[in-house]
Asker: 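This is the structure, below, for whatever I ask next.
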Amino acid sequence: MCLLYMNTEKLLMAANELGGGERVILEARACGLPAQDIEVAADNHKILEFLDGPIYNASYYSSQIALGVRKSLGAASTAAHSDGNQPAVASSGEHLEPFTVKISA
C-alpha cells in the first residue's frame, strides 16, 4: 500500500458522512506522502486537522492503554507536565513493562 501512496502525484480525500477520511490521510502520511500532496475539500474542517497532526503508532497506543490501567489502579506515577494540569503521557518511544494485577476478595 505504501508503494501506491508514494507513486501518487496527488491524493484526493473526498470523504462523506460515512467517514474513513482520517485513516486514509494518516496512512498516506505514515507511508511518507507529504501533506502538500494530499487534497482535502476546504469545507471539511474535521479532516483538514489530520494533515499536520501527529501520527501515532501501535507502541504509542499500547503504552497509553498500559498507562491508563496503571493510573486507574493507582500504580502510575502522578507526575504532570510543567503546567501541573495535564496527566503524564507515555511518549512514542517509551516502553512500559508488563505488570500483573492481583485482586483480593
Side-chain angles (χ1 to χ4, degrees):
M1 181 165 42
C2 281
L3 288 175
L4 180 64
Y5 281 127
M6 291 309 298
N7 287 309
T8 300
E9 288 182 29
K10 193 69 140 173
L11 173 67
L12 172 62
M13 184 56 250
N16 60 23
E17 69 279 359
L18 299 177
E22 301 93 340
R23 180 176 176 169
V24 171
I25 291 171
L26 293 175
E27 284 176 353
R29 288 185 53 221
C31 288
L33 190 67
Q36 65 264 21
D37 291 342
I38 302 172
E39 186 176 332
V40 176
D43 64 345
N44 196 335
H45 300 289
K46 178 182 177 212
I47 298 296
L48 284 172
E49 67 187 46
F50 287 93
L51 289 175
D52 59 2
I55 302 173
Y56 298 119
N57 60 21
S59 176
Y60 173 84
Y61 283 116
S62 63
S63 292
Q64 288 300 103
I65 291 169
L67 182 62
V69 169
R70 285 192 167 111
K71 287 183 77 165
S72 67
L73 295 174
S77 166
T78 57
H81 292 278
S82 59
D83 63 6
N85 293 323
Q86 298 193 13
V89 177
S91 68
S92 58
E94 183 179 355
H95 296 285
L96 297 176
E97 294 299 317
F99 62 96
T100 57
V101 177
K102 294 181 181 179
I103 301 174
S104 17

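Residue numbers start at 1 and run along the sequence shown.
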Asker: Kindly list each side-chain donor-acceptor pair under 3.5 angstrom involving residues 32-40, sequence neighbours excluded, with atom names and distances?
Answerer:
none

Asker: Heavy atoms, side chains only, cut-off 4.5 Å: are Met6 and Leu3 in contact?
Answerer: no
Asker: With sequence neighbours left out, write down each residue that passes side chain to side chain contact (heavy atoms under 4.5 Å, CB included) with Phe50, or none if nothing qualifies.
Answerer: Glu22, Ile25, Leu26
Asker: Rounded to the nearest 0.5 Å, what's the gap from CG on Leu4 to CD on Glu27? Could you check?
Answerer: 10.5 Å
Asker: In this structure, would Leu12 and Leu51 fall into the same cluster of hydrophobic residues linked by side-chain contacts under 4.5 Å?
Answerer: no
Asker: The criterion is side chain to side chain contact (heavy atoms under 4.5 Å, CB included); which residues satisfy it with Cys31, sequence neighbours excluded?
Answerer: Cys2, Tyr5
Asker: Once salt bridge (charged side-chain N to carboxylate O under 4.0 Å, His left out) is applied, do any residues pair with Glu49, and if so which ones, sequence neighbours excluded?
Answerer: none
